[in-house]
Amino acid sequence: MFEKIANYLSRQMDVPVESITNDTTFESLGIDSLDTVEMLMDLEQELNVDLELEEKLSTVGEFVAFVEERIG
């Protein structure tokens, strides 16, 4: 799941995928809350799951864990 999300972020934010780690913050990538919601909606469509965000996530690793927990 990390690779899928890192590749998505790399494309969306025009940064090298190698620069994205679990500890990379959304803030350092220039991602705001609206971007996070957009990313969730894209992933919901791609994975065919419902990912209702209930808390603020600040790192790529936290987001990966959130998605993995929801898709079981």
Side-chain angles (χ1 to χ4, degrees):
M1 184 55 61
F2 172 81
E3 292 82 15
K4 182 182 293 273
I5 291 172
N7 284 320
Y8 174 88
L9 292 171
S10 173
R11 287 190 313 272
Q12 293 296 108
M13 306 312 292
D14 196 28
V15 297
V17 71
E18 302 82 29
S19 70
I20 300 172
T21 69
N22 279 316
D23 296 325
T24 301
T25 64
F26 290 136
E27 184 179 346
S28 72
L29 293 172
I31 295 174
D32 61 21
S33 57
L34 182 60
D35 294 322
T36 304
V37 169
E38 198 172 290
M39 182 171 49
L40 270 177
M41 290 180 356
D42 289 346
L43 281 171
E44 283 179 331
Q45 201 168 36
E46 185 175 330
L47 301 172
N48 197 30
V49 295
D50 184 27
L51 301 170
E52 189 171 324
L53 190 59
E54 299 161 0
E55 61 193 72
K56 185 178 186 301
L57 305 173
S58 58
T59 68
V60 173
E62 289 174 358
F63 188 76
V64 170
F66 167 80
V67 171
E68 288 176 341
E69 183 179 300
R70 294 303 187 276
I71 61 175

**Message:** Using the rule that Ile, Leu, Val, Met, Phe, Trp and Tyr join whenever any side-chain heavy atoms are under 4.5 Å apart, tell me whether F66 and I71 fall into a single cluster.
**Reply:** yes
With a cut-off of 3.5 Å and sequence neighbours excluded, list every side-chain donor-acceptor pair involving residues 16-24.
from: S19; atom 1: OG; to: P16; atom 2: O; distance (Å): 2.6
from: T21; atom 1: OG1; to: D23; atom 2: N; distance (Å): 3.2
from: T21; atom 1: OG1; to: T24; atom 2: N; distance (Å): 3.3
from: T21; atom 1: OG1; to: T24; atom 2: OG1; distance (Å): 3.2
from: T24; atom 1: OG1; to: T21; atom 2: N; distance (Å): 2.8
from: T24; atom 1: OG1; to: T21; atom 2: O; distance (Å): 3.2

**Request:** Find out whether L43 and F63 are in side-chain contact, i.e. whether some heavy atom of one side chain is under 4.5 Å from a heavy atom of the other.
**Result:** yes
**Asked** Would V64 and V37 show up in the same hydrophobic cluster when neighbours are defined by side-chain heavy atoms closer than 4.5 Å?
**Response** no
**Prompt:** Where the side chain of S10 meets the backbone of V15, is there a donor-acceptor pair that is under 3.5 Å apart?
**Reply:** yes
**Asked** Is there a path of hydrophobic side-chain contacts, each under 4.5 Å between heavy atoms of I, L, V, M, F, W or Y residues, that connects M1 with L40?
**Response** yes
**Request:** Check whether any side-chain heavy atom of M39 lies under 4.5 Å from a side-chain heavy atom of L9, and answer yes or no.
**Result:** yes
**Message:** Are the side chains of F26 and V60 in contact, using a 4.5 Å heavy-atom criterion?
**Reply:** yes
**Request:** Please examine the side chains of L51 and V67, heavy atoms only from C-beta on, and report whether any two atoms are closer than 4.5 Å.
**Result:** yes
**Asked** What residues, two or more places apart in sequence or in another chain, satisfy salt bridge (Lys or Arg N to Asp or Glu O under 4.0 Å) together with E46?
**Response** K4
**Asked** Closest approach of Q12 and E38, non-hydrogen atoms and distance?
**Response** NE2-OE2, 4.2 Å
